[in-house]
Amino acid sequence: MKSLKFALSINGRMVSAMETATAINPATEEPICQFPLASREQLEEAVQAASDAFSAWSSTPITERQRLVGALGNLIEENQEAFIELLITEQGKGRAGAEWEIGGSIHWCREIAKQSLKDEVVLRDGDEAIVTRYTPIGVIGAITPWNFPLLLAIWKIAPALLAGNTMVLKPSPFTPLCTLWFGELANRVLPAGVLNVLSGGNELGQWMTEHPGIGKISFTGSTATGKRVMQSASVNLKRLTLELGGNDPAIVLPDVDAKAIAKDLFWACFSNSAQFCVAGKRLYIHEEVYDDVARELVAYARTVKMGNGMEPGVELGPLQNKMQFEKVKELLQDCKDNQQRFLLGGELTKEKGYFIPVTIVDNPPEDARCVVEEAFGPVLPLLKYSSIDEVIGRANQTEYGLAASVWSNNLEAAQLVARKIEAGTVWINHAHQFSPRIAFGGHKNSGMGIENSLHGLAEYTNMQTVLQKAPVTGRG
Ligand code: NAD
């Protein structure tokens, strides 16, 4: 395990702060350690350092930037086991989930490091040439949430730096530790000022979005905060990528084999204890197979162990923080107050830790809070439908449009449904496949812009078109 000392990274140096806060282990509610809360002056220093570093970094050959972004993955790999343990401790997830996130962080650094944006020749005709190029923006402000703290930070760091930008990154105050440590390690390979990592409260995020020295905000978090970010970013017309909330439908067609899909369906909805922007959050099941799917899902759910992720065999952990725990508890109470029936779960144990048991709600009304709201916790409504048109209408009846899944033995039927869903990503017969090469982004109130793929890389650039003609004297 890493020594439990964490500092800000500003201009290549480790810096302490006047104020600190306590990181809490959500499985035990015990303090882990103190971490720094950056002041406004320290944000100024970080933005200045990033700004000073920009000229040299953006002029560094792309091959060298690719090498260094790849090397960031090596830093994580060299400390893989310690990162996994730290992630379990601060975030609460089970070991397999932590291995997925840390392994994914390494993979992303290495794969993004292979990408580049080539100049596009629009026209080359005799004396005339028109070329569109992708130029870096400058200082990027990155703000991340607490569900996948390191991986979602890497989704921003790797493409932003590769494209020639420098960065000030703020992790969630609930899960700052892996990111602060990553910043400390990155100082060994990156030139000073290229990546600055500052932990702090929500106000630090607000100061970043207002800061005129930052050219773009790449934000992952809730829709409510995303809207605030958009408002304050208008101060200097910052570029924005917003990856926000979702209330993803999972649609089960009548031809499925209920037993065969139960396991995958369960993980589509409950991975990371459903603290997953793309978790299936409303499970629509055709009335012909409703009882079978419900029964098989409950049967599989009973085999899954929830607990402290440091214990062997634990697959689901607690909610990450008390605020979220109280929110989901309230949602459970609302189900009870409205006489909704639980097929599983619903009752809390008295054990320490922010644990909410896997809870499956039996066909609540479409306007129930557990259907309409993004629970961001393991409370799943099963919803009965009778026709495809009806289910598509109900699935799209939401302000969100992040992702969805469709489950069927008939691929053609599933594709027809998938094409009508208003969401940035639709999986058929599986869920949660991500890759550095696959574009990811939300429709409607789930965000704007794309992460991953060359589309995501392009979001860290401005386009510049150079239109050239031969010198006037030389045109004959
Ligand atoms: P949040 O919006 O509360 O916080 C996200 C980050 O924003 C944190 O670092 C926080 O400190 C910061 N912040 C808070 N107020 C701010 C302000 N006024 N200005 C700037 N920054 C501010 O979200 P959360 O609770 O950490 O995360 C859960 C939410 O994130 C869920 O809604 C989930 O769906 C969403 N999420 C989306 C994706 C995606 O890719 N679309 C991925 C993961 C999580």
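Remember, predicted model here, so these are calculated numbers, not experimental data. Atom set for the values below is all heavy atoms of this structure, side chains included, hydrogens, waters and symmetry mates excluded. Both ligands and their constituent atoms are indexed starting at 1 by order of listing.
No donor-acceptor pair closer than 3.5 Å links the side chain of Asp362 to the backbone N or O of Gln340. Distance alone, capped at 3.5 Å, places no donor-acceptor pair between the Arg95 side chain and the Gly309 backbone. At least one donor-acceptor pair under 3.5 Å links the side chain of His432 to the backbone N or O of Val278. Of the possible donor and acceptor atoms, none in the side chain of Gln324 sits under 3.5 Å from a partner among the backbone N and O of Asn321.
The two residues Ile450 and Ser453 come nearest to each other via the heavy atoms CG2-OG, 4.2 Å. The two atoms that bring Ala27 and Phe355 nearest to each other are O-CE1, 3.7 Å, heavy atoms only. Counting all heavy atoms, side chain and backbone alike, Gln275 lies closest to Gln320 at OE1-N, 2.7 Å.
The proximity of Phe276 to ligand 1, defined as any non-hydrogen pair under 4.0 Å, does not occur for either the backbone or the side chain. When heavy-atom distances to ligand 1 are checked against a 4.0 Å cut-off, Ala224 has no atom that comes that close, whether in backbone or side chain. Under 4.0 angstrom from ligand 1, there are no non-hydrogen atoms of Phe148. Of all the heavy atoms of Phe174, none lies under 4.0 Å from any atom of ligand 1, so neither backbone nor side chain is involved.
Polar contact check, Lys170 against ligand 1: a nitrogen or oxygen pair lies under 3.5 Å apart. Checking only distances, Thr223 never comes within under 3.5 Å of ligand 1, N or O to N or O. At under 3.5 Å, not a single nitrogen or oxygen of Asn147, backbone or side chain, sits near a nitrogen or oxygen of ligand 1. Below 3.5 Å of separation, one finds an N or O of Trp146 facing an N or O of ligand 1. Residue Gly221 places at least one N or O, backbone or side chain, under 3.5 Å from an N or O of ligand 1. Distances between N or O atoms of Thr220 and those of ligand 1 include no value under 3.5 Å.
The Gly205 neighbourhood of ligand 1 comprises atoms 19 (N), 20 (C), 21 (N), with distances under 4.0 Å to a heavy atom of that residue. Of all the atoms in ligand 1, the ones that sit under 4.0 Å from a non-hydrogen atom of Leu402 are 41 (N). Atoms of ligand 1 found under 4.0 Å from any heavy atom of Leu152, numbered from 1 in the order shown, are 42 (C), 43 (C). Per-residue contacts place Glu374 under 4.0 angstrom from the following atoms of ligand 1 (heavy atoms of the residue considered): 31 (C), 32 (O), 33 (C), 34 (O). The distance from ligand 1 to the heavy atoms of Arg228 drops below 4.0 Å at these ligand atoms: 18 (N). If you number the atoms of ligand 1 from 1 as listed, the ones under 4.0 Å from a heavy atom of Thr144 come out as 6 (C), 8 (C), 9 (O).
Surrounding NZ of Lys263 are at most 12 heavy atoms belonging to other residues, nucleotides or ligands under 6.0 Å away. Open room surrounds NZ on Lys420; 12 or fewer heavy atoms of other groups in view lie less than 6.0 Å from it.
Taking atom 12 (C) of ligand 1 as the reference point, the nearest protein heavy-atom neighbour is Ile143 CG2, 3.7 Å. Scanning all protein heavy atoms for the shortest distance to atom 36 (N) of ligand 1 gives Cys277 CB, 3.6 Å. Ranking protein heavy atoms by distance to atom 23 (O) of ligand 1, first place goes to Ser222 N, 3.3 Å. Among all non-hydrogen protein atoms, the one lying nearest atom 16 (C) of ligand 1 is Thr225 CG2, 3.3 Å. The nearest protein atom to atom 27 (O) of ligand 1, hydrogens excluded, is given as Pro145 CB, 3.4 Å; this is a heavy-atom distance. Nearest protein neighbour of atom 37 (C) of ligand 1, counting heavy atoms only, is Leu244 O, 3.0 Å. If you check which protein heavy atom lies closest to atom 28 (C) of ligand 1, you get Phe376 CE2, 3.6 Å. Protein heavy atom closest to atom 18 (N) of ligand 1, with residue, atom name and distance, is Gln206 OE1, 3.2 Å.
Atom OG of Ser222 and atom CG of Asn445 lie 11.5 Å apart (nearest 0.5 Å).
Within the 4.0 Å heavy-atom shell around ligand 1 one does not find Gly442.
Partner of Trp108 under the ring-ring contact (aromatic ring centres under 6.0 Å, His included) criterion, out of Trp155, Phe440, Trp100, Phe434: Trp155 alone. Partner of Tyr385 under the side-chain contact (heavy atoms from CB on, under 4.5 Å) criterion, chosen from Ile392, Val391, Asn363: Val391.
The six-membered or imidazole ring of Trp181 lies away from that of Phe35, with a centre-to-centre distance of 6.0 Å or more. A distance below 6.0 Å separates the ring centres of Phe148 and Phe276.
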Practice problem: Test salt bridge (Lys or Arg N to Asp or Glu O under 4.0 Å) on Arg110 and Glu77 and set out the steps. | Solution: CA-CA 11 Å; Arg110 290 181 176 159; Glu77 190 177 52; 2.8 Å; yes
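The nearest protein heavy atom to atom 1 (P) of ligand 1 is closer than 4.0 Å.
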